[in-house]
Each structure stands twice: as C-alpha cells, then as structure tokens.
Amino acid sequence: MNIIVINSSPHKNGTSVLLTEKFIEGAEEAGHNVYRFDVAFEDVGPCEGCDYCISNGKCVKRDSMDKLNPHLLDADLIVFVTPLYYFGVDAQLKLVIDRFYANNYRIMNNKNKSILMATSADANDWTMTALEAYYDTLVKYLGFEDVGRILATGCYVRRDIENSDYPRQAYLLGKSL
Ligand SMILES: Cc1cc2nc3c(=O)[nH]c(=O)nc-3n(C[C@H](O)[C@H](O)[C@H](O)COP(=O)(O)O)c2cc1C
C-alpha cells in the first residue's frame, strides 16, 4: 500500500512524532511504501476560498502542497497525526485538510483508507469527543474507510507517552496493515 502520514505537530521531539515514528516503523516492516509529511516544517498556506480550483482544476497557490498532492492522490491510506488543540486538530493539520478542496472529488474517488492518531494532555472521557466527531464526519464525507485510531490521552509531554503503551500500539497498527 501507498501510505501517507501527515504529522502536524510543531514539536520535533514531542508526543505526536513518537506515534508517527512507531507507526512508520511497523508499516515499513510490513512492506508498505510510506511518505511522511511534517506540516509544521513545510510551507502550507490557508485555503483562501477563491474557487480558482473549481474552474482550473488546481490550486492557485504554489507551496508545499505541490509536494504533498501527488502522494495524496496516489495514496491508499492517509494517516492524520495531530496534537489535540482546543479539542480539535491543530491549525497546521487543518491547513492541509482545507487545501484538499482543490482536489476534493479526486480524493473522494480514491476510496482511501484512513487512520487518526492524536495526543492530548487531559485524559477525561470527553477529551477526544469533539476530535473524533470531526474525524468521523470528515471520513464519512470523503468516503474514506477508517481502519484505526490511537487516542493517546494523558500525554502532555514526551516522557508521558514514552511511559505509556501508545507507542507500541502505533507500531502494531502500522505492522497490522
Ligand atoms: C495551543 C494548545 C492547545 C492545546 N489544547 C489541548 C486540549 O484542548 N486538550 C488537551 O488535553 N491538551 C491540549 N493541549 C496539550 C497538547 O495536546 C499535548 O501537550 C500534546 O501532547 C502535544 O503534542 P506534541 O508534543 O506532539 O506537539 C494543547 C496544547 C497547546 C499548545
């Protein structure tokens, strides 16, 4: 499978990146082709809603989405990795998702699989509720098949997640594909 992993955390050694690395380790061991895109270290601007793409079939902007798009359109599985920011995806990931607009129907027609991996400081039973509702709605709209999620609650900083079972779960999820 062609897998793209979109990691949005701005922390180079944070919690999300550990899930990213472990997932990729497992997926590559299982023989999959993985493309990793670290949004926070790329140049991705917001969708301006100009609708240039509606009449021209591509986005008016030239930035790192030009790098991601060929992989996006060729993917069998898209993995979204985000720290929880105010109960949703962080702004970096939302930038990328909004820019799907320029390829909306191509992405829909691809019948991708998808995975959500998220980290958060809190560990209430409602901590991830809004994020999951957003993700479930997104995959329903785009026609993706959700094939797994890891919701690493109670992971404020790196040592919290290192002392948890979540990295192993991410590895096993990648390996199981
Ligand atoms: C702007 C901001 C908003 C956050 N919002 C939440 C939140 O709503 N709920 C929560 O439990 N943790 C929240 N956190 C904590 C992060 O989700 C948590 O520290 C996470 O592990 C950071 O991941 P990273 O190291 O991969 O960037 C927030 C952190 C920041 C910087």
Side-chain angles (χ1 to χ4, degrees), residues 3-30 32 34-48 63-65 67-68 71-72 75 77-100 112-142 144 146-177:
I3 301 175
I4 64 169
V5 181
I6 306 172
N7 167 47
S8 59
S9 171
H11 290 149
K12 282 194 168 150
N13 199 28
T15 57
S16 311
V17 81
L18 185 57
L19 295 183
T20 300
E21 287 166 1
K22 288 291 170 187
F23 173 87
I24 291 173
E25 191 183 321
E28 286 182 338
E29 278 180 25
H32 299 292
V34 181
Y35 178 77
R36 173 175 167 178
F37 188 76
D38 292 287
V39 192
F41 305 99
E42 297 287 347
D43 170 31
V44 177
C47 173
E48 310 281 352
D63 62 15
S64 295
M65 285 304 290
K67 213 163 84 179
L68 179 64
H71 297 279
L72 189 62
L77 166 66
I78 301 174
V79 185
F80 299 99
V81 195
T82 182
L84 189 72
Y85 275 13
Y86 290 94
F87 308 102
V89 298
D90 68 9
Q92 289 88 342
L93 183 55
K94 191 63 166 55
L95 286 174
V96 168
I97 293 171
D98 287 355
R99 294 285 297 283
F100 283 7
N112 283 297
K113 296 180 185 346
S114 69
I115 284 174
L116 171 67
M117 300 199 293
T119 61
S120 71
D122 297 343
N124 297 306
D125 58 6
W126 48 270
T127 295
M128 294 287 189
T129 304
L131 176 70
E132 285 194 276
Y134 171 68
Y135 170 73
D136 287 336
T137 308
L138 181 73
V139 302
K140 182 173 183 174
Y141 169 71
L142 291 172
F144 293 175
D146 170 51
V147 293
R149 65 189 72 180
I150 292 177
L151 304 174
T153 57
C155 296
Y156 181 42
V157 290
R158 178 79 177 205
R159 73 174 168 280
D160 298 326
I161 199 160
E162 282 173 351
N163 292 329
S164 79
D165 188 50
Y166 296 119
R168 190 183 70 91
Q169 291 176 25
Y171 168 78
L172 291 176
L173 180 57
K175 184 101 179 166
S176 72
L177 296 167

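Ligands are counted one by one from 1 in listed order, and the atoms in each one are counted from 1 as well. Values below: all heavy atoms of this structure, side chains included; hydrogens, waters and symmetry mates excluded.
Considering backbone and side-chain N/O atoms, Ser16 comes within less than 3.5 Å of an N/O atom of ligand 1. Where the criterion is an N or O separation shorter than 3.5 Å, residue side chain and backbone included, Val17 fails it with respect to ligand 1. The shortest N or O to N or O distance between Pro10 and ligand 1 is not under 3.5 Å.
Salt-bridge annotation for Lys140 and Asp136: absent, with no side-chain N of the basic residue lying under 4.0 Å from a carboxylate O of the acidic one.
Cation-pi geometry between Lys22 and Tyr166 is not met at under 6.0 angstrom from the ring centre and within 45 degrees of the axis.
Here the heavy atom of the protein found nearest to atom 5 (N) of ligand 1 is Tyr86 N, 2.9 Å. For atom 10 (C) of ligand 1, the closest heavy atom belonging to the protein is Ala121 N, 3.7 Å. Annotation: atom 20 (C) of ligand 1 to nearest protein heavy atom, Thr119 OG1, 3.5 Å. The nearest heavy-atom contact from the protein to atom 4 (C) of ligand 1 is Leu84 O, 3.3 Å.
Distance check: Asn112 CG to Ile78 CD1 gives 4.0 Å after rounding to the nearest 0.5 Å. Here CD of Glu42 is found 10.5 Å from CE of Met65. Values are rounded to the nearest 0.5 Å.
Taking every heavy atom of Gly14 and a limit of under 4.0 angstrom, the matching atoms of ligand 1 come to 25 (O). Each of the atoms 8 (O) of ligand 1 lies under 4.0 Å from some heavy atom of Phe87. Residue His11 has at least one heavy-atom neighbour below 4.0 Å for each of these atoms of ligand 1: 24 (P), 25 (O), 27 (O). Each of the atoms 18 (C), 20 (C), 21 (O) of ligand 1 lies under 4.0 Å from some heavy atom of Cys155. Listed by number with element, the atoms of ligand 1 under 4.0 Å from a non-hydrogen atom of Ser9 are 24 (P), 26 (O), 27 (O).
The number of heavy atoms from other shown groups lying within 6.0 Å of OH (Tyr156) does not exceed 12.
For the pair Lys94/Tyr134, a side-chain contact is recorded, criterion being any heavy-atom separation below 4.5 Å from C-beta on. Ile115 places a side-chain heavy atom less than 4.5 Å from the side chain of Phe23. The side-chain heavy atoms of Tyr35 and Leu68, taken from C-beta on, include a pair separated by under 4.5 Å.
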